[in-house]
Amino acid sequence: MLRIAIVDDNIYFAEAVEKQTEAFFVLKGEVVEIWKGCGKDLLGILEKRQNFEIYFLDVKMPEMNGLVLAEKVRAFD
């Protein structure tokens, strides 16, 4: 199973990315588990050693921008 994380401050965009990503992998016959939420929650999941294979990170977010979050994700994964 392929695990995918989506982090975006716009819930509508995150849901659209989730639907398109899921549809793509269904066509490929791949089973996916998609998680979406905020950067702080993602870091909490990674601290528990629950990594993802693919990360979709919004670059401009008010809490923590995607580039800073990517650096923190890289430290875990």
Side-chain angles (χ1 to χ4, degrees):
M1 175 177 3
L2 187 64
R3 296 190 66 213
I4 301 169
I6 300 170
V7 178
D8 198 303
D9 58 323
N10 182 330
I11 189 67
Y12 301 110
F13 186 77
E15 288 175 357
V17 171
E18 177 184 28
K19 287 178 185 176
Q20 289 182 354
T21 301
E22 187 173 42
F24 173 81
F25 284 105
V26 165
L27 285 175
K28 299 289 183 184
E30 295 283 336
V31 177
V32 295
E33 176 185 319
I34 300 176
W35 174 90
K36 62 182 184 298
C38 71
K40 183 179 176 182
D41 291 343
L42 175 63
L43 293 175
I45 290 170
L46 294 175
E47 285 177 352
K48 297 175 185 169
R49 301 214 179 263
Q50 298 175 345
N51 298 343
F52 297 88
E53 284 79 29
I54 298 173
Y55 297 86
F56 291 105
L57 308 176
D58 184 6
V59 173
K60 293 184 179 181
M61 294 184 288
E63 194 175 294
M64 177 185 333
N65 80 47
L67 297 176
V68 170
L69 179 57
E71 289 176 8
K72 292 180 183 233
V73 166
R74 183 118 178 159
F76 284 106
D77 193 6

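Along the sequence shown, residues are numbered consecutively beginning with 1.
Taking a 6.0 Å sphere around CZ of Phe13, one finds it holds 12 or fewer heavy atoms contributed by other residues, nucleotides or ligands.
Expressed to the nearest 0.5 Å, how far CD1 of Ile6 lies from CD1 of Ile34 amounts to 5.5 Å.
In the hydrophobic cluster analysis, where Ile, Leu, Val, Met, Phe, Trp and Tyr join through side-chain heavy atoms closer than 4.5 angstrom, Leu57 is grouped together with Leu43. Side-chain heavy atoms closer than 4.5 Å link hydrophobic residues (I, L, V, M, F, W, Y) into clusters, and following such links, possibly through other members, connects Trp35 to Met64.
Between Glu33 and Arg3 there is a salt bridge, since at least one side-chain N of the basic residue sits less than 4.0 Å from a carboxylate O of the acidic one.
For Tyr55, the ring-ring contact (aromatic ring centres under 6.0 Å, His included) criterion is met by Phe52, not counting sequence neighbours.
The stretch residues 41-51 participates, sequence neighbours left out, in these side-chain hydrogen bond (donor to acceptor under 3.5 Å, both in side chains) pairs: Asn51-Asp77.
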Could you tabulate the donor-acceptor pairs under 3.5 Å formed by side-chain atoms of residues 65-73, not counting sequence neighbours?
| residue | atom | partner | partner atom | Å |
| --- | --- | --- | --- | --- |
| Asn65 | OD1 | Leu67 | N | 2.8 |
| Asn65 | OD1 | Val68 | N | 2.9 |

Sequence neighbours left out, cut at 3.5 Å: what donor-acceptor pairs do the side chains of residues 14-31 make with other protein atoms?
| residue | atom | partner | partner atom | Å |
| --- | --- | --- | --- | --- |
| Glu18 | OE1 | Lys36 | NZ | 2.7 |
| Thr21 | OG1 | Val17 | O | 2.7 |

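Taking a 4.5 Å side-chain heavy-atom cut-off between Ile, Leu, Val, Met, Phe, Trp and Tyr, the cluster of Ile11 extends to Tyr12.
Counting all heavy atoms, side chain and backbone alike, Ala5 lies closest to Leu42 at CB-CD1, 4.0 Å.
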